[in-house]
Amino acid sequence: MSLGIRSQRSKIFFGFILILCAVTFLSGCSQASRSSGSSSEENTPATSVSKDITIIHSLPNDTLDPHNTWITLRAGVTETLLRLDENMKISPWLASDWETKDDRTWVFSIREGIQFQDGTPLDAQAVKASFERGIADSKALAAALKIASMEANGQQLQITTTEPYPAFPTELVHPTTSIISVAAENQMGKEAFNNAPVGTGPFKVTNFTPGSEIHLVRNDDYWDGKAKLNEVTFKFNADANVRTLAFQSKQADIVFHLSPEMLTSIEADNELSVSSVTSLRTHYFTYNPASSSVSDHRVREALDKLIDRDSIVQDIMLGHASPANGPFNASLPFGNREGYQKLDEAGALRLLESAGYTKGSDGKFQKDGKPLTLKLIAFTGVNPELPLIPQVVQSEAAKAGITIEIVSVEYPEVYIADHTDWDMSTSSYLTSPRGDGGSFLNSAYVPGGSYNPANIQVDGLEPILKELNETGDTEKRNEITQQAVTVINKALPHSYIINPNILVGINQRVTDWKPGAEEFYIVTHTLDVK
């Protein structure tokens, strides 16, 4: 890592200390007030004590629209027909079972006796209305579900897809397929509903401050057993420093995406613990297919060789990650079994020379009198490592004679969808949140896909994806997915960098809860505090 990055991180650390002193003092007052309480609290029977918890996640949400965000499922407000279990296997949830009648027709049995939080019953017609609402509101959801028609009969919902779709059930675990009460939305109005959606989950929204927090209270009529907590405050903050300090000062009980460099001081506190979970997320660079510089495969390959994945894993993530060799974690059954690209400056130089670049007197590569200068779009925050990874690559590229200019934005995918004046962009997605690789491949490599704002197309990939989409056998799907990854890695439209662990801070007062690799199920009815 460059001295500049180390110096920056040192400044951040000492800034932490100063802020922490103030935050700890304020938190101490708050905690003292909570622990001392009033005399009436001390005399209240244990059975009537209100249990509450505060959670902080990294990604701010300006809406609670269940079909365009993940947050309502994460917050325990909504649920899906199917879900993933601890082994990443699809299991029943609002649907008790399902079957396929042919390669395009599926029948789902909706559980009996479930009510939405507004008291209306959950039946097949309500589920149908929810899907219709989602398809109308979200192009991404419509593209993912590929629903041609639906028929509701009591608790039986029959869905016919537009094409053979053996992997259809895997789509129904995604948060944006949450089942909501359309009747409640019709009564409340769309805007009000998206600020307090009505689902079937263990908690109800009582207040939502866009970009800041959700306040939740227990749904006493929850179908799977009353939640153990009375209230939940679910906050958002894109600044990893603020999240980490809030956890250290005990202003929050569960905090996602902590700063790796602060783990030692956190673990020194006996009341706090950190869970480092192997995630399904991959950090990578997207290359602009319209860029005159990186449209040359040799330049992309050279840049890929200048990514020091080992340094990023060790110096930035402090070992809480693994080098990536494709879109999927190598430990998954459909992950790439080949090794990852190590730092290779000599190989990068040879590739650039073969592409017609020569070094000028200033030591920088140029072609036709024009220096090789690249614009890299980077995250401003969210995961603490995301702003630092481009700096490591910038440093290695500078040594090789390439200038990389970093432009930090809040949402790179929004920027690159609206602009053409860029060469590289930082991307970060859950690449297998459904326990399968098909969804990501279709989202990231099909024009118009929700993860493909740059409209990337890879020669030879389309027939492989067609075969994958028409295959139901799991082992065969894994083989086809690996074939797709081989084609993708050869074309190099992206440089896959690392698979980061999820670093979650958990106060010891939290019980009956642990973070999952899928990052879906955060507020649950079993979550409790001492």
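One-based numbering along the sequence shown.
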Novice: Show your working on side-chain contact (heavy atoms from CB on, under 4.5 Å) between Ile456 and His494 and close with a plain yes or no.
Specialist: CA-CA 10 Å; Ile456 287 170; His494 299 116; 3.5 Å; yes
Novice: side-chain contact (heavy atoms from CB on, under 4.5 Å) between Thr80 and Leu172: does it pass, once the steps are laid out?
Specialist: CA-CA 7 Å; Thr80 50; Leu172 300 184; 6.0 Å; no
Novice: Between Ala397 and Leu306, what is the shortest heavy-atom contact and its length?
Specialist: CA-CD1, 4.1 Å
Novice: Any side-chain heavy-atom pair from Thr403 and Phe365 closer than 4.5 angstrom?
Specialist: no
Novice: Tell me whether Ser249 contacts the main-chain N or O of Ala246 through its side chain, where contact means a donor paired with an acceptor under 3.5 Å.
Specialist: yes
Novice: Is any side-chain heavy atom of Val487 less than 4.5 Å from a side-chain heavy atom of Tyr445?
Specialist: no
Novice: Show the numbers, then the answer: is there a side-chain contact (heavy atoms from CB on, under 4.5 Å) between Ile307 and Glu396?
Specialist: CA-CA 7 Å; Ile307 300 173; Glu396 293 297 338; over 6 Å; no
Novice: Kindly give the heavy-atom pair with the smallest separation between Ala484 and Leu441, and that separation in Å.
Specialist: CB-CD1, 3.9 Å
Novice: Are any non-hydrogen side-chain atoms of Pro433 and Glu519 less than 4.5 angstrom apart?
Specialist: no
Novice: Above 12 or not: heavy atoms from other molecules or residues under 6.0 Å from CG of Asp459?
Specialist: no
Novice: Please check this pair: side chain of Ser212 against backbone of Thr209, looking for a donor-acceptor N/O pair closer than 3.5 Å.
Specialist: no
Novice: Would you say Val446 and Asn452 make side-chain contact, with heavy atoms under 4.5 Å?
Specialist: no
Novice: Check for a donor-acceptor pair, side chain of Ser275 on one end and backbone N or O of Leu503 on the other, with a separation under 3.5 Å.
Specialist: no
Novice: Can you establish whether the number of heavy atoms outside Lys364 located under 6.0 Å from its atom NZ is more than 12?
Specialist: no
Novice: Hey, does Pro493 have a side-chain heavy atom less than 4.5 Å from the side chain of Ile488?
Specialist: yes
Novice: Just so I know, are the side chains of His283 and Leu386 near enough to count as touching, which here means a heavy-atom distance under 4.5 Å?
Specialist: yes
Novice: Flag yes if more than 12 heavy atoms outside Gln508 fall under 6.0 Å of its CD atom; otherwise flag no.
Specialist: yes
Novice: Between Tyr415 and Asp421, does the side-chain contact (heavy atoms from CB on, under 4.5 Å) criterion hold? Intermediate values first, please.
Specialist: CA-CA 10 Å; Tyr415 182 94; Asp421 62 336; 3.2 Å; yes
Novice: Assess, by modelled atom type and distance only, whether the side chains of Asn501 and Ser279 contain a donor and an acceptor separated by less than 3.5 Å.
Specialist: no
Novice: Taking it one step at a time, do Asp65 and Arg133 satisfy salt bridge (charged side-chain N to carboxylate O under 4.0 Å, His left out)?
Specialist: CA-CA 11 Å; Asp65 181 353; Arg133 187 263 198 194; 2.8 Å; yes
Novice: Could you check whether any side-chain N or O of Asn329 sits under 3.5 Å from a backbone N or O of Ser331, counting only pairs where one atom can act as donor and the other as acceptor?
Specialist: yes
Novice: Step through the shown structure and confirm whether more than 12 heavy atoms of other residues, nucleotides or ligands are within 6.0 Å of CD on Glu462.
Specialist: no
Novice: Say you draw a straight line from OG1 of Thr481 to CZ of Phe328; how long is it, rounded to the nearest 0.5 Å?
Specialist: 6.0 Å
Novice: Please report the closest heavy-atom contact between Phe236 and Gly211, naming both atoms and the distance.
Specialist: CD1-C, 3.8 Å
Novice: Output the distance between atom CG (Asp423) and atom CD (Glu405), rounded to the nearest 0.5 Å.
Specialist: 9.0 Å
Novice: Within this structure, what is the CZ-CG distance for the pair Arg309 and Asn499, rounded to the nearest 0.5 Å?
Specialist: 10.5 Å
Novice: Is the backbone of Ile56 close enough, under 3.5 Å, to the side chain of Arg243 for a donor and an acceptor to pair up by distance?
Specialist: no
Novice: Under 30°, 30 to 60°, or over 60°: which ring-plane class applies to His57 and Phe234, parallel, tilted or perpendicular?
Specialist: parallel
Novice: Under 30°, 30 to 60°, or over 60°: which ring-plane class applies to Tyr429 and Tyr451, parallel, tilted or perpendicular?
Specialist: parallel
Novice: Is Arg298 reaching over with its side chain to a backbone N or O of Ser354, donor-acceptor style, under 3.5 angstrom?
Specialist: yes
Novice: Examine distances only and state if a side-chain atom of Asn87 and a backbone atom of Lys89 form a donor-acceptor pair shorter than 3.5 Å.
Specialist: no
Novice: Return yes if some donor-acceptor pair links the side-chain N/O of Asn336 with the main-chain N/O of Gly326 below 3.5 Å, else return no.
Specialist: no
Novice: Counting only heavy atoms not in Lys370 (residues, nucleotides, ligands), do more than 12 fall under 6.0 Å from its NZ?
Specialist: no
Novice: Indicate yes or no for a side-chain donor-acceptor contact from Asn288 to the backbone of Thr420 under 3.5 Å, with no hydrogens or angles considered.
Specialist: yes
Novice: Where is the tightest heavy-atom contact between Ser432 and Leu280, given as atom of each residue plus distance?
Specialist: O-CD1, 3.2 Å
Novice: Taking everything shown except Asn270 itself, do over 12 heavy atoms lie less than 6.0 Å from its CG?
Specialist: no
Novice: What are the two closest non-hydrogen atoms of Ala491 and His297, and how far apart are they?
Specialist: O-CD2, 3.2 Å
Novice: Please determine, by modelled atom types, if Arg300 and Ser495 share a side-chain donor-acceptor pair under 3.5 angstrom.
Specialist: no
Novice: Is there a donor-acceptor contact under 3.5 Å from the side chain of Ser259 to the main chain of Glu261?
Specialist: no
Novice: Can you measure from CZ (Phe379) to OH (Tyr411) and round to the nearest 0.5 angstrom?
Specialist: 9.5 Å
Novice: Please report the interatomic distance CD(Glu213) to CG(Asn207), rounded to the nearest 0.5 Å.
Specialist: 7.5 Å
Novice: With the side chain counted from C-beta on, respond yes when Asp315 and Leu388 share a heavy-atom pair under 4.5 Å apart, and no when they do not.
Specialist: no
Novice: Check whether any side-chain heavy atom of Ile214 sits under 4.5 Å from a side-chain heavy atom of Leu64, and report yes or no.
Specialist: yes
Novice: If you take all heavy atoms of Phe168 and Leu145, which pair is closest and at what distance?
Specialist: CE1-O, 3.5 Å
